[in-house]
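The structure appears right after this line, and notes come after that.
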Amino acid sequence: MGNVSASAPGKCILFGEHAVVYGQPAVAVAVEQRIHVSIQSESDSGDEWKLDGMTFDPLRHPHVAALRQRLWQVEQGAPSLSIRVSGNIPPASGLGSSAALSVAACAALRTGRGRWFNQQPEPSQPSTWAEGYSHQFNTDIAYDASRSISAERKGEAGLHMHYLTDSSVVDTDECALLGHAVEAMAQGGRASPMDASTCAHGGIVLLSDTIESNADYLYTRSLKMEDGQRTWHLHSITPPQGSDDVYLVIGNTGIHAPTSEQVAKVAAALKKNPNRMKEIETIGLIARRGIQSLLEGDFDSVGRAMSENQLMLKGLGVSCPELENLIRAASPSSLGAKLTGAGGGGCMIALTRHPKQTSEAIELAGGRTLISKFGNHGLRVDSSRGLPLWHCGDIE
Ligand code: PMV
């Protein structure tokens with residue numbers, strides 16, 4: 001019986017949550033804390049899927065169920081799996097635990113199944129793939145929740161010419177794309193690609209409504225929502241000089257607040273009063289200023305933009321007294337502080353040069369803290385044995 005283990009970091013958001021769902025710019029940072037996913041093939045294909053030793057319930061784990069539909073098709077003979085999830089990212093707290101789980105699971109499944117190529121295999125060149133998901137192809141199929149999807153591609157040389165089975169076939173864009181697709185499904189059709197891309201690529205990820213000249217362009221994502229199509233251009237930013245001296249202290253209120261509810265709350269407020277879109281646009285302006293400061297390595301201004309962003313989030317109704325309490329406690333020793341993620345509970349972050357002091361202040365106010373630096377690794381396959389766990393089609 002073979003197995004694969006993969007991991008991905010959580011993330012926190014410096015600027016722009018909620019507004020990014022409406023196409024405004026935002027920046028997220030991968031944190032040191034990670035989710036680990038390991039998959040093991042069961043001996044009999046008729047076995048039930050297991051998650052952490054219990055029978056897998058697709059309703060409780062919609063992300064994993066949606067990935068199974070896209071990468072591990074039972075109708076094509078894929079064997080049952082036993083999945084284990086561990087890590088130090090608290091769930092439903094605004095730290096992207098579900099996105100980290102999704103992209104790590106995606107990497108584990110892709111490693112477990114390997115990849116077919118049409119031409120000489122070049123794992124980093126989607127044009128050579130005979131199967132898979134990439135921004136270089138039509139991405140509609142990744143976002144289609146209605147059927148089981150094989151994502152086979154016919155290249156010049158026909159289907160299934162070469163087969164590779166090792167972690168080199170894992171593609172960060174594929175994991176980020178599928179991660180976004182399954183997040184969107186779990187959030188009722190409204191989700192930006194911010195979480196999935198940050199957990200997949202690591203480092204610092206910038207989303208914008210234009211292609212930015214001073215950041216490394218990754219790709220463009222589009223998603224059809226109830227009220228129209230959204231497009232985001234994603235970039236990665238090299239941590240600026242001086243980022244070794246600043247820390248992110250994360251304070252957890254311990255209150256679980258599902259992202260989908262907060263996103264729906266903002267959507268309802270905007271529907272009731274379309275004028276409130278001005279608040280979303282103001283968050284976009286603050287984010288843009290904060291991004292410029294970040295690129296310049298001016299962390300004092302980054303902190304100020306974060307605190308201004310918090311005022312807007314409070315006005316939008318996604319903060320709560322417990323978050324405000326931790327933000328107040330962190331403020332005297334930090335450059336700026338705000339909620340991170342969907343809000344309504346979950347976590348806040350403080351940007352600080354005095355992590356110990358800030359962390360103690362948050363703990364005294366009743367929060368549990370984690371400390372992270374900038375520049376953390378993205379998705380990684382940590383180990384594999386007995387590959388492939390499954391291959392679709394005959395290997396000669
Ligand atoms: O709470 P999280 O970690 O899932 O972050 C949500 C961020 C939002 O902007 C509120 C939603 C989104 O899809 O970007």
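Only heavy atoms go into these numbers, but all of them, side chains included; no hydrogens, no water, no symmetry mates. Ligands are counted one by one from 1 in listed order, and the atoms in each one are counted from 1 as well.
- Of the protein's non-hydrogen atoms, the one nearest atom 9 (O) of ligand 1 is H18 N, 2.9 Å.
- Shown in contact with V20 at under 4.0 Å from a heavy atom are these atoms of ligand 1, numbered in order with element: 9 (O), 14 (O).
- The protein atom (non-hydrogen) at minimum distance from atom 7 (C) of ligand 1 is I13 CD1, 4.0 Å.
- In this structure, W49 and F56 have tilted ring planes: the angle between them lies in the 30° to 60° band.
- Within the listing of ligand 1, atoms 1 (O), 2 (P), 4 (O), 6 (C) sit less than 4.0 angstrom from a heavy atom of T259.
- Considering all non-hydrogen atoms of both residues, L379 and V103 come closest at CD1-O, 3.5 Å.
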| Working for side chain to side chain contact (heavy atoms under 4.5 Å, CB included), residues R221 and L234 | CA-CA 8 Å; R221 295 266 194 265; L234 288 100; 3.7 Å; yes
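- Proximity to A191 (heavy-atom distance under 4.0 Å) selects the following atoms of ligand 1: 13 (O).
- Of the polar atoms of A342, at least one N or O is found under 3.5 Å from an N or O of ligand 1, judged by distance alone.
- Heavy-atom proximity to G96, at under 4.0 Å, picks out these atoms of ligand 1: 3 (O).
- Between H233 and Y217, the two ring planes are tilted [angle within 30° to 60°].
- Comparing G344, C199, S192 against atom 13 (O) of ligand 1, the shortest heavy-atom distance belongs to S192.
- Contacts of D195 with ligand 1, taken as heavy-atom pairs under 4.0 Å, involve the side chain alone.
- Of all atoms in ligand 1, numbered sequentially from 1 with element shown, those under 4.0 Å from a heavy atom of E17 are 9 (O).
- Relative ring orientation between H391 and Y163 is described as perpendicular, the plane-to-plane angle rising above 60° on a 0-90° scale split at 30° and 60°.
- Proximity of E183 to ligand 1, defined as any heavy-atom pair under 4.0 Å, is not found for any part of the residue.
- The one candidate from R113, R110, E174 that meets the side-chain contact (heavy atoms from CB on, under 4.5 Å) condition with V169 is R110.
- The nearest pair of heavy atoms linking S7 to H36 is CB-ND1, 3.4 Å.
- Counting protein heavy atoms only, atom 11 (C) of ligand 1 is closest to V21 CG2, 3.7 Å.
- Heavy-atom contacts of K11 reach the following atoms of ligand 1: 2 (P), 3 (O), 5 (O) (cutoff under 4.0 Å).
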| Between M306 and F15, is a side chain to side chain contact (heavy atoms under 4.5 Å, CB included) present by the stated rule, with each step listed? | CA-CA 6 Å; M306 287 168 65; F15 326 102; 3.7 Å; yes
| message | Between H354 and Y247, does the ring-ring contact (aromatic ring centres under 6.0 Å, His included) criterion hold? Intermediate values first, please. | response | CA-CA 8 Å; H354 311 287; Y247 296 80; 9.6 Å; no
